[in-house]
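Reading through the structure tokens given below for one structure.
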Amino acid sequence: MDSKFIPSLHEAPIYTFWENSGLFKASRTNPAKKPFCIILPPPNANGSLHLGHAMFTYEDIMIRFHKMMKEETLWLLGLDHAGFETQYVFEKHLKKQGKSRFDYQRDELFGMIFDYVNENKKNIKGQLRRLGFALDWSREKFTMDPAIIEIVYGTFKKLFDRGLVYRANRLINYCTFCGTSLSDLEVNNVEKVGVLHYINYPLKTGGFIQIATTRPETILGDVAVMVNPKDKRHRGVIGKTVILPVSGREVPIIADTYVDTEFGTGAVKVTPNHDFNDFEIGKKNNLQYPPIINFAGRIQNTNTSYDGLKVFAAREKIIEELKEKGLWVKEEKNNMVVKSCYKCGRVLEPLPKEQWFIKVKPLADRAKGLVKKKEITLFPKRFEKQLIRILDEFIDWNISRQVVWGIRIPAYRCKKMSNVPTSLKLRGASKSQKWFVSIEKPKKCQICGECDFIQDEDTFDTWFSSSQWPFATLMTEGKKTYEYFYPTAVMETGHDILRAWVARMMMIGDFVTNKPPFKTVFLHGMVRDAKGQKMSKSKGNVMDPIQLVDKYGADALRAALIFGTKEGGDVSLSEEKVKGMRNFANKVWNVGRFIELNSKSQNPNSKQIPSPQSKIIVELEKEATELKKKYMNYMKRYRFSQALNDLHEFIWHRFADYYIEQLKEELKNGNIQVLDTLKCVYLDNIKMLHPFMPFMTEAVGQVFYGKQTSLLQIGFT
RNA sequence: GGACCUGUAGCUCAGUUGGCUAGAGCGUUUCAUUGACAUUGAAAAGGUCACAGGUUCAAGUCCUGUCAGGUCCACCA
């Protein structure tokens with residue numbers, strides 16, 4: 001044994017040994033054994049792993065622990081195509097080469113991203129190995145595997161057939177830069193100081209009514225002015241007509257208690273196609289006007305010189321025109337929240353668009369039942385409340401995305417019938433009747449039987465496929481495997497995606513399989529820097545997990561993430577902490593080295609000698625037994641940090657610093673009983689430590705148990 | 001506006017049915033110099049457990065309030 005534990009000498013050969021020996025493989029579906037399955041949250045195949053991914057260490061700890069408890073253990077890995085996100089990253093690459101996605105045909109672009117993703121997959125899989133994860137590589141999945149897509153299509157069809165998915169034309173959050181709609185979960189609310197403009201709208205009968213708006217350009221799409229019927233200031237004007245500035249269109253003044261009399265002037269302009277609240281008002285009062293902003297973020301349909309201008313340019317220009325006409329009164333600073341694209345950060349445009357929506361309420365109610373009936377338990381417990389809230393507040397989920405990179409929606413419509421001009425039918429589920437959904441691509445239109453159908457151009461929101469991940473992955477492994485491992489034991493992931501992922505997995509998983517997708521949800525916190533600050537590129541405080549592994553070893557990084565971290569709480573990671581854990585690994589290694597050296601130099605003539613030190617041996621054995629008991633208890637209760645903490649304390653400061661020091665002399669005298677006890681306690685310790693620091697413990701284990709033996713096989717006895 | 005979380009040593013944090021003199025990692029100070037390990041050992045300094053009440057034989061821990069920080073959600077044009 002070297003005098004130091006040098007991770008780079010051991011990690012690669014040990015990982016290869018694990019992989020080749022089939023220890024990571026769940027090969028049997030043995031009814032006599034308890035199944036334990038974790039599905040790895042699939043990393044996005046569009047880059048490299050970040051420190052957050054290293055938190056999967058929790059999963060590896062559970063997997064290795066349960067393997068050592070002799071359970072049938074499966075840790076299934078997969079990667080996510082991450083539709084919109086990946087396309088966004090790829091477009092950035094294109095931009096560097098002076099290209100854009102519009103330079104390519106759909107299939108061509110898809111193919112290019114496919115290749116790009118394949119490269120990233122290789123990279124990420126290598127990184128998962130570097131971290132020592134005991135994944136079953138024989139069952140690797142990808143969200144765009146044909147078998148997965150078939151299941152995703154089946155889910156969509158089932159939802160459609162049950163009336164839980166519908167097509168509707170309503171306002172959606174649209175990023176005119178990224179060119180796609182987003183769900184409400186992909187919207188960032190950014191606080192901003194905006195400008196509130198006060199503008200006089202001329203009344204047809206003379207005089208003015210003053211309104212206040214932050215978006216003067218949408219005057220071009222107004223359908224009404226609205227006041228509160230209780231507002232004495234405006235009572236006289238209800239029912240009168242105003243002449244819209246700029247366009248000269250005439251619109252009515254209507255009344256609704258929705259208007260806040262305290263804000264602005266107490267009179268609101270109503271622009272149904274460009275504001276979520278106004279959309280509802282327009283619907284209620286049957287007031288319509290075509291959208292005056294298009295998907296490129298430019299003004300349209302106004303027959304004015306504003307057509308073709310970008311929104312912000314139009315705003316500036318219209319303010320000028322209003323000033324010239326003497327209709328602009330004043331401006332005020334206004335604290336407001338702007339909905340922004342979570343990816344590019346630009347202001348989103350609410351625009352009307354026909355999209356597929358999932359009716360969430362019935363699904364959310366059932367998912368809630370799973371928590372209430374304790375079919376799913378959350379760790380830490382406080383997240384249960386949060387989850388219930390999330391499920392209560394879920395609104396219908398827009399699953400259509402206008403991106404190429406994704407799973408194309410298997411919805412088709414009749415070309416013949418869509419040729420028939422329909423009146424501007426804007427909303428309602430009735431539109432879905434014009435669509436049919438089919439898992440297999442149909443040869444003929446299923447509506448008229450004659451025409452060539454048209455497939456929806458859009459792809460699914462990535463979360464739609466990932467919401468099916470636990471059952472979809474296992475189903476592709478065959479019925480037996482699925483029935484044995486499903487529902488999975490634990491879903492371990494970051495608490496930041498409780499809403500976007502966990503809640504949706506529960507809803508869709510329960511809908512499709514009639515079972516909860518997992519029994520336990522274990523949530524980890526975020527990795528922060530040494531000062532507890534969020535890591536971000538702009539702050540320049542990001543750390544690369546692989547660089548840390550190179551420098552200090554995977555064991556050190558893993559232990560640093562767990563040590564002193566409350567489950568579900570954020571981790572403040574400093575290089576010093578990783579270094580400290582590297583030192584710990586070295587310490588444990590050297591304790592092994594010490595015992596090994598003493599085993600070799602044992603005097604064969606020595607025998608069991610009751611010594612004055614035997615009292616210390618009894619003490620040691622007692623303490624070691626207590627530790628193991630505590631350890632088992634902590635591990636079963638998901639208190640991994642505490643387990644590691646106790647191991648650290650015992651091995652270093654009790655076992656090495658105290659017991660070994662006390663017994664050193666006796667050992668030199670050749671007391672074999674002392675040696676046996678030390679060895680026995682030590683081997684027990686490295687087994688317990690193995691889930692946390694697999695490489696070092698395995699390296700040292702092989703010294704004692706032989707090259708071809710793994711602690712995973714030996715397990716706990 | 002609503003919900004939740006956090007406040008413990010210089011820094012980052014543990015402390016889970018309330019119970020020894022409140023702990024760890026890193027940092028600081030002093031000593032030890034090759035003995036398994038200097039990626040070490042021995043020792044030390046350092047805390048009114050945010051604040052104020054309350055419950056209790058006993059509170060860092062439970063309850064109420066206050067202050068400070070954070071996260072998520074909702075939201076007025």
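Chain letters run A, B, ... following the sequence lines, proteins first, then strands; residues in each count from 1. The figures here come from the full heavy-atom set of this structure, side chains too, leaving out hydrogens, waters and symmetry mates.
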Give a yes/no answer on whether the side chain of [X] brings an N or O atom under 4.0 Å of OP1 or OP2 in [N].
X         : N      : value
Lys577(A) : C11(B) : no
Lys381(A) : U16(B) : no
His653(A) : G25(B) : yes
Ser572(A) : C13(B) : yes
Asn590(A) : U40(B) : no
Asn583(A) : U40(B) : yes

Quick one: which of [options] gets closest to the side chain of [X]?
X         : options                : result
Arg389(A) : U16(B), A3(B), C76(B)  : A3(B)
Val268(A) : A77(B), G25(B), C37(B) : A77(B)
Trp652(A) : A36(B), G41(B), A77(B) : G41(B)
Ile660(A) : A77(B), U6(B), A36(B)  : A36(B)
Leu597(A) : A77(B), A36(B), C73(B) : A36(B)

For [X], which contact category applies under a 4.0 Å heavy-atom criterion: base, sugar-phosphate, or nothing?
X         : result
Asn189(A) : sugar-phosphate
Ser574(A) : nothing
Arg382(A) : sugar-phosphate
Ala212(A) : base
Arg215(A) : nothing
Lys579(A) : nothing
Asp657(A) : sugar-phosphate
Gln642(A) : sugar-phosphate
Phe383(A) : nothing

Between [N] and [M], how many Å separate the two [atom1] atoms, rounded to a whole number?
N      : M      : atom1 : result
A36(B) : C31(B) : C1'   : 22 Å
C49(B) : U21(B) : C1'   : 15 Å
A50(B) : A9(B)  : P     : 9 Å
A43(B) : U6(B)  : C1'   : 35 Å

> Considering the options Val242(A), Thr271(A), Ile292(A), which one meets the side chain to side chain contact (heavy atoms under 4.5 Å, CB included) requirement together with Asp222(A)?
Replying inline: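 Of Val242(A), Thr271(A), Ile292(A), side chain to side chain contact (heavy atoms under 4.5 Å, CB included) with Asp222(A) is met by Thr271(A) alone.
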
Pairing donors with acceptors under 3.5 angstrom, does anything connect the side chains of [X] and [Y]?
X         : Y         : value
Lys531(A) : Ser572(A) : no
His274(A) : Glu349(A) : no
Tyr258(A) : Glu280(A) : no

[X]-[Y] aromatic ring centre distance below 6.0 Å:
X         : Y         : answer
Phe522(A) : Tyr58(A)  : yes
Tyr658(A) : His653(A) : no
Phe379(A) : Tyr638(A) : yes

> Do the side chain of Glu661(A) and the base of A42(B) come within less than 3.5 angstrom through a donor-acceptor pair of N or O atoms?
Replying inline: no

>> Can you say whether a donor on the side chain of Lys587(A) sits under 3.5 Å from an acceptor on the base of C37(B), or the other way round?
In response: yes

>> Under 3.5 Å for both pairing distances: what stems, at least three Watson-Crick or G-U pairs long, include RNA chain B?
In response: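 Paired runs of 3+ in RNA chain B: B:1-7 with B:67-73, B:10-13 with B:23-26, B:28-32 with B:40-44, B:50-54 with B:62-66.
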
> What's the verdict on salt bridge (Lys or Arg N to Asp or Glu O under 4.0 Å) for Glu384(A) and Lys381(A), showing C-alpha distance, side-chain angles and the deciding distance?
Replying inline: CA-CA 6 Å; Glu384(A) 281 184 10; Lys381(A) 203 164 165 49; 3.3 Å; yes

> Run the side chain to side chain donor-acceptor pair (under 3.5 Å) check on Trp589(A) and Asp2(A) step by step: do they pass?
Replying inline: CA-CA 9 Å; Trp589(A) 169 267; Asp2(A) 297 324; over 6 Å; no

